[in-house]
There are 2 protein chains.
Amino acid sequence: MAETSGAEHSETGERAVRRRLPPDERRRQIVDGAVAFFADVGIEGATRDLARRLGITQSLLFNYFATKEELVEAVYARVYLDRLSPDWPERLQDRSTPLRARLLAFYTEYSELIFQYEWMRIFMFSGLAGAALNRRYLDHLGKVILGPLLAELAESARSGPPPTMEDIWNLHGGIVYIGIRQHIYRMPCPDDPSVAITHAVDRFLYAFGLEAPSGAAAGVTASAARR
Amino acid sequence: MAETSGAEHSETGERAVRRRLPPDERRRQIVDGAVAFFADVGIEGATRDLARRLGITQSLLFNYFATKEELVEAVYARVYLDRLSPDWPERLQDRSTPLRARLLAFYTEYSELIFQYEWMRIFMFSGLAGAALNRRYLDHLGKVILGPLLAELAESARSGPPPTMEDIWNLHGGIVYIGIRQHIYRMPCPDDPSVAITHAVDRFLYAFGLEAPSGAAAGVTASAARR
DNA sequence: CGCAATATAGATCATTCGATCAAGAGCGAT
DNA sequence: ATCGCTCTTGATCGAATGATCTATATTGCG
């Protein structure tokens, strides 16, 4: 999270230098802080604690957001924004590139985007709360990413039963679960998930008669496939 | 959740008949209600709302649990209890049965145990809160189930790179993610996950040169493998 | 340099939270 | 029946919550 200014003090509340900031900059600082704060303690976190962490007073929050709910919405918007790159659909359907390379490129970039403390936790908090943005995101993911991905796989598949959407969700879930283990459950995880991602994608493709012969341990990994 | 008595009233608070219950029965009723309640609204849910849902007064809760935290611990204990059957380790290592059958039997039973609204959500809530029981459970799962499972797979694997713990977690995560989609995100899911589980297990085994030739669409599914 | 605009702070309100307590109500023993 | 034990209740406490308001301090502009 970008430190917008040097005015924040540590959470052990010694006095900070008072800083007057341009409104939009202050607003950005508050949203940034709120993202980090709510990711830690959940959306139910107290506005006073958030203010203390930001080094401002609680009442100031309400100068920028009429209600706490409005602030939470801003946090959701910030976190969900640009998390699904608009060019992924076409890149996933670019048949001049092998399907495996497309999959590896997508999941490498996607995992770098979402395997982050703030995103993972706020996504889970908002999911449990039934937030509208959460459902919209998952709908969009299914329609715009995983749907086309299924079509591509069905087109290329050379053996076995035809793939279903449930198979795609299984691939997706197995990969996303790395981030869940890391940031939700705080389990020790490999710092670079691309090896696990590569293996998961290869196992998946192999089952449909695609690429990755059994000895391909030295193949291109997801991290090296980054465009 | 078992309706312990007919005394509960609907949540729209019309007066209920007052019932005097034996202490342990009342306690059980409270824990049952608390499991369902906290699964819905999260651990931060108010004790007054829980009491209203149970058709009792809020103060009565504190006759059975000294603090809310104590009640929450009872909820955790109830939910986490017996969720990892003690005979799974040995059954997973019973080499008189094919590895595939062992895997399918395990994940069928396991998914039936955990793909439930209360479990899934309370597990996620407690995970986000960093509850000790959550870490203990995952430690235990890794050591007692997934560890032996890795050993079995490594023993049987006939091709490809040797399996790692990360591979096992990928299989596990892909399956568990079905429950997450269903109960955390409330997405529409197949009511019987055994087909998806079977395919996931078969893809996994196939990648290590085991069973499931490419045409095995009509094989034994997980639900039929139930012992 | 001085003034107006506004960012900021601290006190404060009403509500809700977990938790306590004395009084009342139900059930079993006699 | 009715007595007594204890389960249950409603009132209530102090702390914490979201939200408001007034007074002060700081900045930018002329």
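In what follows, chains carry the letters A, B, and so on, assigned in the order in which the sequence lines appear, proteins first and then strands, with residues in each chain numbered from 1.
Residue A:Arg27 contributes atom CZ, which lies 17 Å from atom P of C:dT6 at whole-angstrom precision. Atom CZ in B:Arg52 sits about 12 Å away from atom P in C:dG18, given to the nearest Å. Look at CG on A:Leu54: it is 15 Å from C1' on C:dA9, rounded to the nearest Å. In this structure, B:Ile56 places its CD1 atom 19 Å from P of C:dA25, rounding to the nearest Å. Put simply, CD on B:Glu25 is 13 Å from C1' on D:dC7, counting in whole angstrom units. Per the geometry, CG belonging to B:Leu60 stands 16 Å off P belonging to D:dT6, to the nearest Å.
Partners of B:Pro148 by side chain to side chain contact (heavy atoms under 4.5 Å, CB included), not counting sequence neighbours, listed by chain and number: B:Gln93.
Note on A:Phe65: nothing from the nucleic acid sits closer than 4.0 angstrom, heavy atoms only.
In this model, the phosphate group of C:dA7 is not approached by any side-chain N or O of A:Tyr64 to a distance below 4.0 Å at OP1 or OP2.
Between B:Tyr110 and B:His172, a ring centre-to-centre spacing shorter than 6.0 Å is recorded. Aromatic pair B:Tyr185/A:Trp169: centroids not less than 6.0 angstrom apart.
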Without placing hydrogens or testing angles, list every side-chain donor-acceptor pair under 3.5 Å for residues 57-68 of chain B, not counting sequence neighbours.
{"residue": "B:Gln58", "atom": "NE2", "partner": "B:Thr47", "partner atom": "OG1", "Å": "3.2"}
{"residue": "B:Thr67", "atom": "OG1", "partner": "B:Glu69", "partner atom": "N", "Å": "3.3"}
{"residue": "B:Thr67", "atom": "OG1", "partner": "B:Glu70", "partner atom": "N", "Å": "3.1"}
{"residue": "B:Lys68", "atom": "NZ", "partner": "B:Ile43", "partner atom": "O", "Å": "3.0"}
{"residue": "B:Lys68", "atom": "NZ", "partner": "B:Gly45", "partner atom": "O", "Å": "2.8"}

Do nucleotides 13-21 of chain D as a string where each nucleotide becomes B, S or -: B if the base has a protein heavy atom under 4.0 Å, S if just the sugar-phosphate does, - if no protein is that close.
----BBBBB

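A:Asp40 and A:Tyr117 are linked by a side-chain donor-acceptor pair at a separation below 3.5 angstrom, with hydrogens and angles left out of the test.
Residues A:Leu205 and A:Leu153 share a closest heavy-atom pair of CD2-CD1, 4.0 Å.
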